[in-house]
Structure formats: C-alpha cells, structure tokens
Amino acid sequence: MNRTASAALAAIFALSAGVSMAAADEHKAKGDSEKCYGVAKAGQNDCKAGAGTSCAGTSKVDYQGDAWKMVKKGTCTTIKTPNGMGSLTPKA
C-alpha cells in the first residue's frame, strides 16, 4: 500500500471513531440514553472497555462485563444476554 492510501485509510478510521464517540455523547447529552454494561458483542462496544482497550469497537469478547453500549434509557436492565441481564454498572 502506498503512503497516500495509508494516510487516507488512517483518516477514515480516525473520522469513524470520532463520529461514534460524538454519537454516544449526543445521546448522553439528550438524556434519552444510558450506558449499559455487558450487552455489547465483541468489537461493538461504544467506548472504553476496561484495561487493554481504548475506545469504540475494542471489546474482546461478546458481552464483556466492562464494555458498554448506549441504550434507550430505562431498558438496560431488561436486556437479556447469555451471561445474564444488562447492568448500569460494570460487571466483574
């Protein structure tokens, strides 16, 4: 891959990460969403998922207890996964 293509690819990844974080912040600001831990599939978390991760899309396993997704307010604890229900606080 040449330098121009590499730079373009890096820019695309940076922009997509920024958009994801902005969307999560927008939902949080509106107050119609909440962080829900333990409900994200691997690589589909909205942001930081504990040690060894940095931000969106970095969770390593399905339903990782310290990875969160923004969900509609009031629905988190009703979301059922193979590992139990969603949680408003990180799971061990």
Side-chain angles (χ1 to χ4, degrees):
M1 191 180 304
N2 65 34
R3 283 187 180 180
T4 304
S6 295
L9 189 56
I12 289 169
F13 284 125
L15 287 172
S16 64
V19 168
S20 179
M21 289 182 347
D25 288 343
E26 181 181 333
H27 284 292
K28 185 176 178 184
K30 287 182 179 179
D32 60 354
S33 296
E34 61 194 0
K35 289 181 185 179
C36 188
Y37 293 87
V39 298
K41 292 277 210 162
Q44 295 180 8
N45 60 302
D46 283 335
C47 209
K48 190 165 175 70
T53 66
S54 57
C55 209
T58 57
S59 59
K60 304 295 183 199
V61 296
D62 288 349
Y63 316 113
Q64 187 172 319
D66 56 358
W68 57 266
K69 273 191 92 58
M70 294 300 287
V71 299
K72 185 175 178 178
K73 192 169 190 151
T75 64
C76 178
T77 57
T78 65
I79 298 172
K80 187 174 182 178
T81 75
N83 295 347
M85 304 303 273
S87 174
L88 297 172
T89 58
K91 296 176 164 187

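In this chain, residues are counted from 1 in sequence order.
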Legend entry - For K72, salt bridge (Lys or Arg N to Asp or Glu O under 4.0 Å) partners two or more places apart: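 Here no residue qualifies.
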Legend entry - OG1-CG distance between T89 and D66, expressed to the nearest 0.5 angstrom: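 Result: 11.5 Å between the selected atoms.
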Legend entry - Nearest-0.5 Å distance that lies between atom NZ in K35 and atom OG in S87: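 Interatomic distance, K35 NZ to S87 OG, rounded to 0.5 Å: 12.5 Å.
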Inset, instruction - Write down the atom of C76, the atom of L88, and the distance for their closest heavy-atom approach. - result: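 Scanning both residues, the minimum pair turns out to be CB-CD2, 3.7 Å.
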Legend entry - Exercise: identify the closest heavy-atom pair between K69 and Q44: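 Nearest pair, atom of K69 first, then Q44: NZ-O, 2.8 Å.
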My understanding is that a hydrophobic cluster links ILVMFWY residues whose side chain heavy atoms are under 4.5 Å apart, including indirect links. Using that, what else belongs to the cluster containing [X]?
{"X": "V39", "value": "V71, I79"}
{"X": "M85", "value": "none"}
{"X": "Y63", "value": "none"}

Please check this pair: side chain of [X] against backbone of [Y], looking for a donor-acceptor N/O pair closer than 3.5 Å.
{"X": "S59", "Y": "G43", "result": "yes"}
{"X": "E34", "Y": "G74", "result": "yes"}
{"X": "N45", "Y": "G57", "result": "yes"}

Inset, instruction - Mind checking side-chain hydrogen bond (donor to acceptor under 3.5 Å, both in side chains) for T78 and listing every partner two or more places apart, or none if nothing turns up? - result: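 Applying side-chain hydrogen bond (donor to acceptor under 3.5 Å, both in side chains) to T78 gives none.
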